[in-house]
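These notes are about the structure you will find just below.
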Amino acid sequence: WYFAEEMSLNTQKPYAERCYPPVKIQKLVEPISCEKVEDSFVYDFGFNKVTGVDFSADQSGIILAPKYVKNTDLARISFGQSIAVTPLQLLTAACSVINGGNLYQPYFVQSISDDHGKTLVENKPVVVKQVISEKTSALMRSMLESVVKEGGGKNASVEGYKVGGKTGTAQKYRDGVIVQGVHVGSFFGFAPADDPKIAILVTVDEAQMYNDYGSVTAAPYAGQILQKMLNPVTLLLPMKTLDAVHQGNRLLLPLKLQG
């Protein structure tokens, strides 16, 4: 068995060199009782709630009602099972980890003006709550940068820039049973890693290849998008709209960080 205290001893060791098995992650959430799950990280990061985005299809995801949560469920939620979230929820939560610790309400449209240039609608960054400290956020940025420099996120690297990120590989269920060999690969990336300005989430559903991990299926696309967005000319342009980049049947959403 691994204890949570052990994890705090090696924070200076590159995150990419560490491998925390599920049992070790589970130990971190043991202090959270099932009765207090509503006050835990699950809800702090906006899961099980709509994001408040200016779009009618906003969804809250799927999480067991607190009264039904058992210790085994809480342990599995800690490493991404027994929970279903939307891509926008995931991206919003991930941004809060690297932007200084603030969970923001996302929006697609910055402003709407009439034919005479009068502003009819204007959205501005709104902080929902602070979920982690600035110190913890800085540590996470450093750790996630090492994932791209030395770990599973190498395929998302962009020459000349500091990029951070994390891979993901989710199992899929059909008729209540895990489907063998079928996954959703994903990659959350941001740049510059030491002072994030943009963040993206790329997902690839059921890639038709033997190795369908997020590091192989999603990270390369993230790297290509970041490379284009980090072009000096692009960075000088005002980001007044959200550009949707299509690749096959995947929708890749590059977002400018709030704040």
Side-chain angles (χ1 to χ4, degrees), residues 38 41-65 77 80 83-132 156 165-166 168 170 172-173 184-191 196-206 214 217-218 221-222 224-226 228-230 234-235 237-259:
E38 283 188 289
F41 64 95
V42 179
Y43 289 80
D44 282 345
F45 285 98
F47 301 132
N48 205 39
K49 306 172 187 175
V50 294
T51 64
V53 70
D54 50 343
F55 189 64
S56 60
D58 198 14
Q59 298 292 320
S60 61
I62 303 173
I63 300 179
L64 287 171
I77 289 172
I83 182 174
V85 303
T86 69
L88 187 57
Q89 282 182 314
L90 180 56
L91 182 56
T92 303
C95 283
S96 73
V97 173
I98 53 102
N99 71 6
N102 291 316
L103 182 72
Y104 282 88
Q105 178 178 315
Y107 56 85
F108 287 115
V109 179
Q110 181 169 331
S111 64
I112 299 175
S113 303
D114 62 17
D115 293 339
H116 303 289
K118 180 182 178 180
T119 301
L120 303 177
V121 176
E122 185 173 12
N123 285 316
K124 295 183 178 180
V126 175
V127 177
V128 177
K129 68 183 301 183
Q130 183 169 3
V131 292
I132 60 175
K166 185 65 187 76
K172 298 192 68 172
Y173 282 78
V184 177
S186 61
F187 186 84
F188 164 71
F190 61 94
K197 300 300 181 185
I198 53 177
I200 65 174
L201 174 66
V202 178
T203 64
V204 180
D205 190 14
E206 298 188 22
T217 61
Y221 288 111
Q224 292 175 28
I225 297 169
L226 287 170
K228 292 182 180 297
M229 296 187 71
L230 289 169
T234 304
L235 291 175
L237 297 175
M239 296 185 69
K240 293 185 177 180
T241 58
L242 177 68
D243 295 322
V245 181
H246 291 80
Q247 175 67 40
N249 61 351
R250 295 174 290 276
L251 179 62
L252 318 178
L253 298 176
L255 292 178
K256 181 179 180 182
L257 287 185
Q258 308 282 20

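Since the model is a prediction, treat every value here as computed from it, not as a measurement. Because only heavy atoms are used, hydrogens play no part in the values below, and waters and symmetry mates are left out as well, while side chains stay in.
Results of the side-chain contact (heavy atoms from CB on, under 4.5 Å) test with Leu201 over Phe188, Phe190, Phe187 single out Phe188 as the only residue that passes.
Residues Val53 and Leu88 meet the side-chain proximity criterion, which asks for heavy atoms closer than 4.5 Å. Side chains of Val126 and Tyr107 form no contact here, defined as non-hydrogen atoms less than 4.5 Å apart.
Closest non-hydrogen pair, His116 versus Asp114, comes out as N-OD1, 2.9 Å. Minimum interatomic distance between Gln89 and Asn48 (heavy atoms only, all atoms of both residues): NE2-N, 3.7 Å. Listed here is the closest heavy atom pair of Phe45 and Val131: CE2-CG2, 3.5 Å. Annotation for Thr92 and Tyr104: closest pair CG2-O, 3.2 Å, computed over non-hydrogen atoms. The two residues Val202 and Ala218 make their nearest non-hydrogen contact at O-CB, 3.7 Å. Contact detail for Ala156 and Leu226: the closest heavy-atom pair is O-CD1, 4.4 Å.
Residues that satisfy the salt bridge (Lys or Arg N to Asp or Glu O under 4.0 Å) test with Lys129, not counting sequence neighbours, are Asp44. With sequence neighbours left out, the side-chain hydrogen bond (donor to acceptor under 3.5 Å, both in side chains) criterion links Ser96 to no other residue.
The side-chain hydrogen bond (donor to acceptor under 3.5 Å, both in side chains) contacts involving residues 53-64 comprise Thr51-Asp58, Asp54-Asn123, where partners must be two or more places apart or lie in separate chains.
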